[in-house]
2 protein chains.
Amino acid sequence: MLIVIETNSELPIYEQIVRQVKFAVATGSLRPGDRVDSVRDLAKKIVVNPNTVARAYRDLQEDGVLETVRGQGLKVCSRALRRCLAERKSLIRERLQEVLREAAQSNLSREEIEAIVEEELNRYVPVEEVP
Amino acid sequence: MLIVIETNSELPIYEQIVRQVKFAVATGSLRPGDRVDSVRDLAKKIVVNPNTVARAYRDLQEDGVLETVRGQGLKVCSRALRRCLAERKSLIRERLQEVLREAAQSNLSREEIEAIVEEELNRYVPVEEVP
DNA sequence: CTTACTGTACTACCTACATAGTACAGTAAC
DNA sequence: GTTACTGTACTATGTAGGTAGTACAGTAAG
């Protein structure tokens with residue numbers, strides 16, 4: 001399980017963990033029944049306090065994504081895949097809405113906004129080869 | 001001068017004010033020499049504490065966008081237009097970078113991401129008529 | 001001169017987030 | 001039984017953002 005924390009992100013650390021676990025479930029990296037890193041292990045990996053990870057895991061439990069096995073750790077719920085698949089796009093959409101609304105309000109033209117989007121996507125998403 | 005605060009934005013209130021003043025200058029709504037709303041007036045308009053507005057205006061002074069006329073108010077610096085024009089796109093780009101990086105990492109396909117962007121842009125930016 | 005505005009600068013308080021440290025009970029391995 | 005892990009639950013502390021209230025000095029209008 002690979003969680004990466006952006007320290008200057010606008011999102012708090014616990015929320016970054018929550019989102020990334022949800023994405024991992026949605027993409028199949030994490031499957032129902034899988035164990036996730038323990039609170040202390042993940043805290044060590046991403047260099048944050050265990051309480052911060054515990055906060056994220058608590059939220060994920062409340063969201064029906066993780067469930068606890070006391071003394072053993074946490075595992076992915078059986079219903080998690082469906083939940084996270086349903087949620088992934090809206091999680092992304094919400095943030096895009098906010099940023100694009102601001103972009104529009106800054107009076108950048110649509111072409112300018114789209115150009116920035118393409119540039120940034122080119123950076124992060126490989127262009128698919130057309131056969 | 002129209003400042004609109006999104007209460008559930010990821011950006012703190014003072015930063016929203018800073019950005020929106022910069023955009024207003026970049027687009028010409030505010031010109032060098034123009035007065036901006038007083039701290040107390042804007043606080044009343046957007047329903048926040050005057051100290052919050054003062055914080056934003058202080059930052060804008062440090063950024064060379066506004067300058068103070070003690071007892072009279074603040075006005076737009078003569079060099080503000082150039083600064084804000086230069087800065088507008090990078091302000092927008094930074095946030096788009098963050099959000100698009102996350103979108104890519106969520107494993108949504110490029111097509112899906114682009115589709116969301118188009119949908120949201122259609123909401124905020126009128127489609128230009130092609131003559 | 002008085003009043004009403006202006007920015008600036010504080011104090012005190014609250015919430016949210018994050019950290020550090022500690023402790024407890026449950027589980028597993030030796 | 002002991003040790004090492006597990007999650008959970010606290011306390012105390014610090015930072016950031018925001019609020020409320022107050023006070024001061026500068027400016028302008030009547």
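Convention: sequence-line order gives letters A, B, ...; per-chain numbering from 1. Note that the structure is a prediction, hence the values are computed from the model and not measured.
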[X] has an atom [atom1]; how far is it from atom [atom2] of [N], in whole Å?
X: B:Asn8; N: D:dG18; atom1: CG; atom2: P; answer: 13 Å
X: A:Ile13; N: C:dC17; atom1: CD1; atom2: P; answer: 12 Å
X: A:Leu42; N: C:dT19; atom1: CG; atom2: P; answer: 12 Å
X: B:Arg58; N: C:dC10; atom1: CZ; atom2: P; answer: 10 Å
X: A:Arg55; N: C:dA20; atom1: CZ; atom2: P; answer: 17 Å
X: A:Glu10; N: D:dG17; atom1: CD; atom2: P; answer: 12 Å
X: B:Glu6; N: D:dG18; atom1: CD; atom2: C1'; answer: 18 Å
X: B:Asp59; N: C:dT8; atom1: CG; atom2: C1'; answer: 15 Å

Between the side chain of B:Glu112 and the main-chain N/O of B:Ser109, is any donor-acceptor distance below 3.5 Å?
yes

Strictly distance-based, threshold 3.5 Å: is any side-chain N or O of A:Gln16 a donor or acceptor partner for the main-chain N or O of A:Leu11?
yes

Hey, is the side chain of B:Thr52 poking within less than 4.0 Å of OP1 or OP2 on D:dG17, counting only N and O atoms?
no

Are OP1 or OP2 of D:dG17 and a side-chain N or O of B:Tyr14 less than 4.0 angstrom apart?
yes

Do any N or O atoms of the protein come closer than 3.5 Å to N or O atoms of nucleotides 11-14 of chain D, and which pairs are they?
none

Kindly compute the distance separating [atom1] ([X]) from [atom2] ([Y]), expressed to the nearest 0.5 Å.
X: B:Arg19; Y: B:Tyr14; atom1: CZ; atom2: OH; value: 11.0 Å
X: B:Lys22; Y: B:Leu30; atom1: NZ; atom2: CG; value: 13.5 Å
X: B:Glu10; Y: B:Asn8; atom1: CD; atom2: CG; value: 9.5 Å
X: A:Ile17; Y: A:Leu42; atom1: CD1; atom2: CG; value: 5.5 Å
X: B:Ile5; Y: B:Lys45; atom1: CD1; atom2: NZ; value: 12.5 Å

Qualifying residue for side-chain contact (heavy atoms from CB on, under 4.5 Å) with B:Gln72, from B:Thr68, B:Val69, B:Leu74
B:Val69

Using a 4.0 Å heavy-atom cut-off to protein, can you give one letter per nucleotide of nucleotides 1-7 of chain C, 5' to 3': B if the base is in contact, S if only the sugar-phosphate is, - if neither?
-----BB

hbond_proxy B:Asn49 side chain to D:dA20 base (donor-acceptor, 3.5 Å cutoff):
yes

How would you list, by chain and number, every residue that makes a salt bridge (charged side-chain N to carboxylate O under 4.0 Å, His left out) with A:Arg88, sequence neighbours excluded?
none

